[in-house]
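Notes to accompany the following structure.
The figures here come from the full heavy-atom set of this structure, side chains too, leaving out hydrogens, waters and symmetry mates. Each residue takes its place number in the sequence, starting with 1. What you are looking at is a predicted structure, and each value in this text was computed from that prediction instead of being measured.
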Amino acid sequence: MYHFSICMYSFRIFSGFHPYFAEQNNRTMNKRNRILALGSLLLATTLTWAQSDFGVWESVELSTKLNKQFELSLEGELRTHDYSAEIERMTAGIGLSYKNKKIPFLKADIGYSILGMQNPRETTIKYRDDDPTIPKHKNVDASYWYTRHRATASLTGSLKVGRFKFSLRERYQFTHRMAAECSRERYYYFYIPGMISQWDENPEYLTDAKTVKNDHKLRTRLSASYDIKGSKFEPFAEVEIYNQLDNALQFDKIRYTLGTEYKVSKKAKFNLFYRYQDYSDIDDISGHILGLGISMEL
């Protein structure tokens, strides 16, 4: 046993100095480091996914050319959230685009849509004025539906380089949120130093009125696509930034999108994509999205 230990010790020393064994040792360490790095990346990705939401977006768009310059479109969309267990919103919209042959790289469009939104069940805690570390009460609002009206105006510039196509779109978006009501349960917090520190189990039942709200945003989208020769697939990548016009252009959220367009025919195509939506507000949950869109020209 003693001899075996000395041999193992000698082998470790020798492997550290002999070129062959040193190289093998370095290869083993590099391989081990790569495995550890990959494991760390997978763990980080898993944790990021676990702390985010997941939803599915489905849309259908119908369009028709009114003449050589104007095109009319109708679109319907359904979105889910809460790991696709709940409907987030349903949308119906109409749009009109304009493109002049004298300026083929530029397109202008306007649109209107009505949105049926579902606000999820939400809990907020209010704290005491004299001590912000001690709760005063908490409100538990039930989920409720409300309506939004939205108007948009966009200008899109595009550029082709070989089989690549790049575009930049600037869009103004105005949203009018209608008033709504939801059921609220209010739980009071009882606190007596050294004696009582607990929530009341019997809530007070209230109705909370959600007031009308207007929202102005500037959306900047940069996209790139590649037309694969002899293929019906056209992959694309997009980055879109939302800024609040009514709050000194403060950053609101950003979307990262990877996807592909599949041309079924000259007048029909599918759009399949993955999107990550990152909010600036820590109270809003960022999310992963899988999307499928169908576009048809009449």
Side-chain angles (χ1 to χ4, degrees), residues 47-59 75-93 112-151 173-191 196-217 242 244 246-247 250 252-255 275-292:
L47 291 175
T48 302
W49 187 281
Q51 295 172 356
S52 304
D53 194 9
F54 169 73
V56 175
W57 295 4
E58 300 171 338
S59 65
E75 184 178 14
E77 185 185 43
L78 175 68
R79 296 183 181 182
T80 66
H81 67 160
D82 194 15
Y83 291 92
S84 202
E86 296 285 343
I87 294 176
E88 180 184 20
R89 89 181 199 188
M90 295 181 291
T91 307
Y112 163 79
S113 56
I114 182 170
L115 296 77
M117 308 283 296
Q118 182 178 202
N119 199 79
R121 181 180 174 90
E122 187 176 27
T123 300
T124 56
I125 299 178
K126 303 295 182 180
Y127 292 88
R128 289 171 49 168
D129 296 332
D130 58 337
D131 191 341
T133 64
I134 302 175
K136 181 180 179 182
H137 64 261
K138 67 178 177 182
N139 297 326
V140 181
D141 292 347
S143 62
Y144 64 94
W145 286 87
Y146 63 97
T147 304
R148 287 183 179 180
H149 298 278
R150 176 168 292 170
Q173 176 179 288
F174 168 73
T175 305
H176 175 72
R177 170 176 169 161
M178 302 293 288
E181 289 186 349
C182 75
S183 301
R184 168 174 288 179
E185 298 176 2
R186 175 168 293 176
Y187 296 83
Y188 289 94
Y189 190 76
F190 293 98
Y191 177 76
I196 300 176
S197 179
Q198 64 182 28
W199 291 102
D200 185 8
E201 296 181 358
N202 299 313
E204 179 183 2
Y205 294 96
L206 306 169
T207 299
D208 185 55
K210 308 296 182 181
T211 58
V212 172
K213 184 179 179 181
N214 293 327
D215 181 72
H216 303 264
K217 283 187 173 61
Y242 286 61
Q244 302 174 27
D246 46 3
N247 192 16
Q250 184 174 340
D252 185 62
K253 66 180 176 183
I254 186 168
R255 288 175 174 173
R275 174 171 292 157
Y276 180 70
Q277 190 163 244
D278 187 17
Y279 289 91
S280 60
D281 193 339
I282 59 175
D283 292 330
D284 290 323
I285 300 177
S286 299
H288 305 271
I289 299 154
L290 288 180
L292 175 63

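- The two residues Tyr144 and Glu181 have their closest heavy-atom pair at CB-O, 3.9 Å.
- The shortest distance between side-chain heavy atoms of Arg150 and Tyr112 does not fall below 4.5 Å.
- Taken from NZ in Lys136 to CG in Asp131, the straight-line distance is 13.5 Å, to the nearest 0.5 Å.
- One distance of note links OG1 of Thr124 with NZ of Lys138; it measures 10.5 Å at 0.5 Å rounding.
- When all heavy atoms are compared, the tightest approach of Cys182 to Ala142 is CB-O, 4.0 Å.
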Carefully, step by step, assess Tyr187 and Thr123 under the rule side chain to side chain contact (heavy atoms under 4.5 Å, CB included). CA-CA 11 Å; Tyr187 296 83; Thr123 300; over 6 Å; no

Might you work through the side chain to side chain contact (heavy atoms under 4.5 Å, CB included) test for Met117 and Asn119, ending with a clear yes or no? CA-CA 6 Å; Met117 308 283 296; Asn119 199 79; over 6 Å; no

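- Using a 4.5 Å heavy-atom threshold, the side chains of Lys210 and Tyr146 count as separate.
- Within the model, atoms CG of Leu290 and CD of Glu58 stand 10.5 Å from one another, a figure rounded to the nearest 0.5 Å.
- Across Gln244 and Asp252, no two heavy atoms sit closer than the pair NE2-OD1, 3.1 Å.
- The side chain to side chain contact (heavy atoms under 4.5 Å, CB included) test applied to Asp130 returns Arg128, not counting sequence neighbours.
- Relative ring orientation between Trp199 and Tyr189 is described as perpendicular, the plane-to-plane angle rising above 60° on a 0-90° scale split at 30° and 60°.
- Atom CD1 of Ile196 and atom CZ of Phe190 lie 8.0 Å apart (nearest 0.5 Å).
- With respect to Tyr242, the side-chain hydrogen bond (donor to acceptor under 3.5 Å, both in side chains) criterion is satisfied by exactly one of Gln250, Gln173, Arg255, Lys217: Arg255.
- Residues Arg177 and Thr175 fail the side-chain proximity criterion, which asks for heavy atoms closer than 4.5 Å.
- The heavy-atom pair separating Ile87 from Gln118 by the smallest distance is O-NE2, 2.5 Å.
- Separating the CG atom in Asp208 from the CZ atom in Arg186 is a distance of 8.5 Å, to the nearest 0.5 Å.
- No side-chain heavy atom of Thr80 sits less than 4.5 Å from a side-chain heavy atom of Glu88.
- Other residues, nucleotides and ligands contribute at most 12 non-hydrogen atoms within 6.0 Å of the CG atom of Asp129.
- For the pair Glu77 (side chain) and Thr91 (backbone), a donor-acceptor distance under 3.5 Å is absent.
- Between the side chain of Ser286 and the main chain of Tyr279, a donor-acceptor pair closer than 3.5 Å is present.
- For the pair Glu86 and Pro120, the minimum side-chain heavy-atom distance is 4.5 Å or more.
- Within the structure, ring-ring contact (aromatic ring centres under 6.0 Å, His included) contacts touching residues 119-138 (residues at least two apart or in different chains) are His137-Tyr188.
- Between Asp246 and Asp215, the shortest heavy-atom contact is OD2-CA, 3.9 Å.
- A donor-acceptor contact closer than 3.5 angstrom is absent between the side chains of Ser143 and Arg121.
- Judged by distance alone, with hydrogens and angles left aside, the side-chain atoms of Asp141 form no donor-acceptor pair with the main-chain N or O of Arg184 at under 3.5 Å.
- Note that the NE2 atom of His149 and the CG atom of Asn214 stand 11.0 Å from one another [nearest 0.5 Å].
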